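This report concerns only the one structure given below.
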Number of protein chains: 2
Amino acid sequence: MTLSSTFYSSQDSFLVAVDCIILGFKENEISLLVHKREMEPAKGGMSLMGGFLQNDESLNQAATRVLTNLTGLENIFMEQVGTYGEIDRDPGERVISVCYYALIDLSSYDDTLLKKHNAFWVNINSAAELIFDHPQMVDDAITILRRKASMQPIGFNLLPEKFTLTQLQALYEAIYDHSMDKRNFRKKMLSMGFLQKTDEIDKSGSKKGAFYYQFKEDRNELLNTSYAF
Amino acid sequence: MTLSSTFYSSQDSFLVAVDCIILGFKENEISLLVHKREMEPAKGGMSLMGGFLQNDESLNQAATRVLTNLTGLENIFMEQVGTYGEIDRDPGERVISVCYYALIDLSSYDDTLLKKHNAFWVNINSAAELIFDHPQMVDDAITILRRKASMQPIGFNLLPEKFTLTQLQALYEAIYDHSMDKRNFRKKMLSMGFLQKTDEIDKSGSKKGAFYYQFKEDRNELLNTSYAF
DNA sequence: TCAAAAGTGTTCGTTTTACACCCATGT
DNA sequence: ACATGGGTGTAAAACGAACACTTTTGA
């Protein structure tokens, strides 16, 4: 960096990382994608997937890059959680970390790519074992996910395109970590108006079979209404 | 920075700024503290108060420093809004900006300090005239304020210790930018249980006089309930 | 035939909304 | 006496919570 190109000379500069909280829905639980850290400090510790911001990319681009490198997925729902800036949050060196969370559909996901990065899924309840301030990041992300999922249909990013109401309820029960009444759940979901019943039937979950639903195309119109669970 | 002290060598590093959205309640409107920028680029433009993060402070400390330098106030409610990292968001040089909002009580605030920084209050509706991506930051802060004020008694940070119900209603009407029914507002506020009626009367607002209220000390117990306006 | 999951309504209590008048006081 | 803002109650609607049985079908 040459002085002639700078407006804000003599200011301190910092490493900036993006850390990604990648969430999936597996066996009726929320899962978190983590990896065994390959560098010191805390080598071998369980860590969120992250990477350093580079000069040629925005924060959102960096988060997308980290996510895509690891998972091979694109066009994934992703949103900022917050930025963590305690001086000693990373014992190796000072790093400002901008944290994102992403929601992915695991129903047809091939995770061979994950193995190359020593990455694996753990139950969200194991997040306390993460290194540094990553447990706090996950807590904050879950808080945001719960709040947003009660206002907007974002939870659906964790499901395949077509899903049964039973699957949807299981997802919400996992997000909020409590069981819900089937009749009330269905009544409320259907009254929100963004579910479209298909004529396809899922026979995998029961002998009787359950209708598949999908999201209406126009669900963006519905984002301003608030729904609480 | 010497290589021997670094774990993450050869990564790009960045200027990190904190920008503060300082909000006050003035003449029944939400006001925003801004200043005329003293450096290029955009010198003379209307800007949020900000500063660069320094090596010896956390992000929260930096935000507090900026706020205290400017206003002389300490122990102010402050919370992160988000982090803005587009490559060209600051045309001078690349800067990652972590944005905070703060709520302050203007009722007995002496703003001589503000003049030293070319700072002044503008109506929140003038935020669109701010430079760079500061209008977006203000939009995001207002969204957060509205959401949080409906769940937790944070709006009170904008009022003096003692206030009348009419003042409180005017504050909420300013935050949400719509008028509310007086009877319903009072009923709801009082039912929430964190208001304490005093025996003092404000005669400044009316001939009849209105009782002053204050917050109960134990209001932290109440933060988990959700209240919508 | 039976086990397993899908699907379906009603009642009750709570919360939210809409709405209009009297009171106390200073001028 | 009157203008100004302070203070109060009720009825209707919407919403949330609790609750149990019938249907379909594969094994």
Side-chain angles (χ1 to χ4, degrees), chain A residues 27-28 146-147 149-151 159-160 162-214 222 224-229, chain B residues 27-28 146-147 149-153 159-160 162-214 222 224-229:
Chain A
E27 290 149 25
N28 286 351
R146 285 183 177 158
R147 177 174 45 73
S150 73
M151 317 274 287
L159 291 177
K162 292 179 180 169
F163 48 85
T164 67
L165 291 180
T166 300
Q167 289 164 357
L168 184 61
Q169 180 172 350
L171 170 63
Y172 274 83
E173 291 181 340
I175 291 175
Y176 292 100
D177 197 27
H178 62 78
S179 61
M180 299 175 184
D181 180 83
K182 185 167 50 160
R183 283 166 293 188
N184 291 340
F185 179 83
R186 286 164 182 244
K187 203 186 328 171
K188 180 159 196 173
M189 272 293 162
L190 293 172
S191 77
M192 289 177 180
F194 48 71
L195 288 184
Q196 176 76 54
K197 192 176 188 174
T198 71
D199 50 9
E200 293 170 69
I201 288 180
D202 167 44
K203 301 283 286 185
S204 73
S206 71
K207 292 161 183 167
K208 180 177 178 180
F211 280 102
Y212 277 120
Y213 286 74
Q214 62 189 9
L222 300 153
N224 291 325
T225 324
S226 95
Y227 308 114
F229 282 88
Chain B
E27 291 150 25
N28 287 351
R146 285 182 178 159
R147 178 174 45 74
S150 73
M151 317 273 289
Q152 303 176 7
L159 290 178
K162 292 178 179 167
F163 48 85
T164 67
L165 291 180
T166 300
Q167 289 164 357
L168 183 61
Q169 181 172 350
L171 170 63
Y172 273 83
E173 290 181 340
I175 291 175
Y176 292 100
D177 197 25
H178 63 77
S179 62
M180 299 175 185
D181 179 84
K182 185 166 52 162
R183 281 166 295 188
N184 291 340
F185 179 83
R186 285 163 184 245
K187 204 188 325 173
K188 181 159 197 171
M189 272 293 162
L190 294 172
S191 77
M192 288 177 182
F194 47 71
L195 287 184
Q196 177 75 54
K197 191 176 188 172
T198 73
D199 50 10
E200 292 171 69
I201 288 179
D202 167 43
K203 301 283 285 185
S204 72
S206 70
K207 293 162 181 166
K208 180 176 177 180
F211 279 102
Y212 277 120
Y213 285 73
Q214 62 188 8
L222 300 153
N224 291 325
T225 325
S226 94
Y227 308 116
F229 283 87

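Because the structure is a prediction, the values reported are computed rather than measured. Throughout, a chain's letter reflects where its sequence line sits, starting with A, and its residues are numbered from 1.
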Output the residues of residues 163-171 of chain B in contact with DNA chain D, where contact means a heavy atom of the residue under 4.0 Å from an atom of the strand; sort by number or write none.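 Under 4.0 Å from DNA chain D: B:Thr166.
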
Scan residues 201-210 of chain A against DNA chain D and write down, sorted by residue number, each residue with any heavy atom closer than 4.0 Å; if none is found, say none.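 Residues of residues 201-210 of chain A that come under 4.0 Å of DNA chain D are, in numerical order, A:Lys203, A:Lys207, A:Lys208.
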
[atom1] of [X] versus [atom2] of [N]: gap in Å, rounded?
X        : N      : atom1 : atom2 : answer
B:Asp181 : D:dG6  : CG    : C1'   : 14 Å
A:Met189 : C:dG7  : CE    : C1'   : 17 Å
B:Arg186 : C:dA20 : CZ    : C1'   : 15 Å
A:Lys188 : D:dC15 : NZ    : P     : 10 Å
B:Asn184 : D:dG9  : CG    : P     : 14 Å
B:Met192 : C:dT16 : CE    : C1'   : 12 Å
B:Phe185 : C:dT17 : CZ    : P     : 13 Å
B:Met180 : C:dT17 : CE    : C1'   : 13 Å

Under 3.5 Å, is there a donor-acceptor pair between the side chain of B:Lys187 and the main chain of B:Ser191?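 Answer holds: no.
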
Polar side-chain atom of B:Gln167 near backbone of B:Leu159 as donor-acceptor pair, under 3.5 Å: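 No; judged by distance alone, with no hydrogens or angles, the pair does not exist.
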
Under the side chain to side chain contact (heavy atoms under 4.5 Å, CB included) test, which residues partner [X], sequence neighbours left out?
X        : result
A:Ala210 : A:Thr164
A:Arg146 : A:Ile142, A:Ile175, A:Tyr176, A:Asp177
A:Lys197 : A:Phe211, A:Tyr213
B:Lys182 : B:Gln169, B:Arg186

Counting the benzene-type ring for Trp, do B:Phe185 and B:Tyr172 have ring centres under 6.0 Å apart?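 B:Phe185 vs B:Tyr172: aromatic centres under 6.0 Å.
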
Please determine whether any donor N or O and acceptor N or O are separated by less than 3.5 Å between the side chain of B:Lys187 and the base of C:dT15.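 For B:Lys187, whose side chain was compared with the base of C:dT15, there is no donor-acceptor pair (under 3.5 Å).
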
Rounded to the nearest 0.5 Å, how far apart are CG of B:Leu165 and CG of B:Leu171?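 So the CG of B:Leu165 and the CG of B:Leu171 are separated by 12.0 Å.
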
Of B:Lys182 and A:Tyr213, the one whose closest DNA chain C nucleotide lies more 5':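 This one resolves to A:Tyr213.
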
Any chance you could lay out the side-chain contact (heavy atoms from CB on, under 4.5 Å) test for B:Lys162 and B:Glu200, step after step, and finish with the verdict? CA-CA 9 Å; B:Lys162 292 178 179 167; B:Glu200 292 171 69; 2.4 Å; yes

